[in-house]
Number of protein chains: 2
Amino acid sequence: MYTIKEVAKIMDVSEHTLRFWAKSGFFPFVERDSNNIRQFSDNDLEWVRIVKCLRAVGTENKAIKKYIDLCVAGDSTIKDRYKIIQETKQKALNQMEELKKQLDVLDFKENFYRNLIEHNLEDTWNPMNKRKTGAKTV
Amino acid sequence: MYTIKEVAKIMDVSEHTLRFWAKSGFFPFVERDSNNIRQFSDNDLEWVRIVKCLRAVGTENKAIKKYIDLCVAGDSTIKDRYKIIQETKQKALNQMEELKKQLDVLDFKENFYRNLIEHNLEDTWNPMNKRKTGAKTV
DNA sequence: ATATTTCTTGAGAGTTACTCTAAGTCAAGA
DNA sequence: TCTTGACTTAGAGTAACTCTCAAGAAATAT
């Protein structure tokens, strides 16, 4: 059994966020001790893992709650859950593609600036070489 | 020259977001026509592209504004901008790694559910096979 | 020539998902 | 006993949109 602080450290999620998620109904089986302190089991950690995963790929909390509810409902919802996981995977793959595109933009920018620095930097101090307003480089 | 609607379509960013970004000072060189309508130039589109890119990898708007201000300041800030682009690239690569990890979690889940569906689904309808409360699968 | 539709504008309210603060309970250690 | 520290809740604050609205101009329809 783990306190919320331990879970925060193990799963790398802030205590605040864990409480927020708990209040959102994402951990339906976490128990409390005699002092009302949350006691996370190893099984509960798996719930944290999957919530963290769904959040990381941009799933809305409303949708996460629906998935959690399906889990709670039991074996009859396995196919629904399977479908959600597949859709989520596809979303993650799309994000990967998008991230690659943005990395291309950044690579281009990096080369552009490196080139400027390596070949034209002395021009910077030349007052004859001022750019016209409105045409500045991003 | 493009209206905000055209830019929204070309760059795949909503008009609302473009106005929000404009108000945040991200497009310092966009001009207006006689009716106060924004006229984006091709050069302005490059500003939209880089802002979109920085946002996509999680750069805060405050930090984007700083980058924009460096651009406006001119050639003397090229080395600072180069450094920001490099840091941003590193951030994007880290996100790629994180996304890969979450994809592993999703792959595991997918296999887990597929296995259940392929081999144990008939158990679902067997009332003898109810899981104990608190041990449900996420 | 007038009516209607379509665009754009700014201001400002609403939303999501945290993130933080305040005020309080409780138990163990100096 | 006092204090420290972990925990609790409610609720305020924040970032970055996201949406609604009313007003004004221009294009199109009648």
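Excluded from the calculations below are hydrogen atoms, water molecules and symmetry mates; all remaining heavy atoms, backbone and side chain alike, are included. Proteins come first, then strands; the chains are lettered A, B, ... in the order of their sequence lines, and each starts at number 1.
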| said: Please classify the nucleic acid contact of A:Thr3 as base, sugar-phosphate, or nothing, using heavy-atom distances under 4.0 Å. | reply: sugar-phosphate
| field | C:dT25 phosphate, OP1 or OP2, under 4.0 Å from A:Arg32 side-chain N/O | value | no
| field | Interatomic distance, B:Phe20 CZ vs D:dT20 C1' [rounded to whole Å] | value | 17 Å
| request: Let me know the distance between CD of A:Gln39 and C1' of D:dC7, rounded to the nearest Å. | output: 11 Å
| said: Applying a 4.0 Å non-hydrogen cut-off, can you work out what B:Lys23 is touching in the nucleic acid: base, sugar-phosphate, or nothing? | reply: nothing
| query | Expressed in angstrom and rounded to an integer, what is the separation of B:Asn36 atom CG from C:dG10 atom C1'? | reply | 9 Å
| Rounded to whole angstroms, how far apart are CZ on B:Phe26 and P on D:dA15? | 12 Å
| said: Nearest heavy atom decides the nucleotide; on that basis, is B:Ser34 or B:Glu60 closer to the 5' end of DNA chain D? | reply: B:Glu60
| field | Integer-rounded Å distance: D:dT9 P and A:Asn35 CG | value | 13 Å
| task | Looking only at side-chain atoms of B:Thr17, point me to the closest of D:dT18, D:dT8, C:dT19. | result | D:dT18
| request: Using a 4.0 Å heavy-atom cut-off across all strands, classify B:Arg38 as base, sugar-phosphate, or nothing. | output: sugar-phosphate
| task | Could you check which of C:dT9, C:dA17, D:dT8 has an atom nearest any side-chain atom of A:Ile4? | result | D:dT8
| C:dA17 phosphate, OP1 or OP2, under 4.0 Å from A:Trp21 side-chain N/O | no
| query | Rounded to the nearest Å, what distance is computed from the CD1 atom of residue A:Ile37 to the C1' atom of nucleotide C:dT25? | reply | 9 Å
| task | For B:Gln95 and B:Val57, indicate whether the former's side chain and the latter's backbone hold a donor-acceptor pair under 3.5 Å. | result | yes
| request: Side chain of A:Lys62 only, please: which of D:dA6, D:dT8, C:dT16 is the nearest? | output: C:dT16
| Touch check for B:Arg55, heavy atoms < 4.0 angstrom, all strands: base, sugar-phosphate only, or nothing? | sugar-phosphate
| said: Can you identify which nucleotide, out of C:dT8, C:dC18, C:dT9, has its nearest atom closest to the B:Glu15 side chain? | reply: C:dT8
| query | What is the distance, rounded to the nearest whole Å, between atom CG of B:Leu54 and atom C1' of D:dA16? | reply | 15 Å
| note | Between NE2 of A:His16 and P of C:dT21 the distance, given in whole Å, is 8 Å
| B:Phe20 six-ring centre to B:Lys23 NZ/CZ under 6.0 Å and within 45° of normal | no
| More than 12 foreign heavy atoms under 6.0 Å from CD of A:Glu98: is that the case here? | yes
| Given C:dC18, is OP1 or OP2 found less than 4.0 Å from the side-chain N or O atoms of A:Asn61? | yes
| said: By the definition side chain to side chain contact (heavy atoms under 4.5 Å, CB included), identify the one residue from B:Leu116, B:Ile117, B:Asn111 that meets it with B:Arg114. | reply: B:Asn111
| Is atom CD of A:Glu31 surrounded by more than 12 heavy atoms (other residues, nucleotides or ligands) closer than 6.0 Å? | no
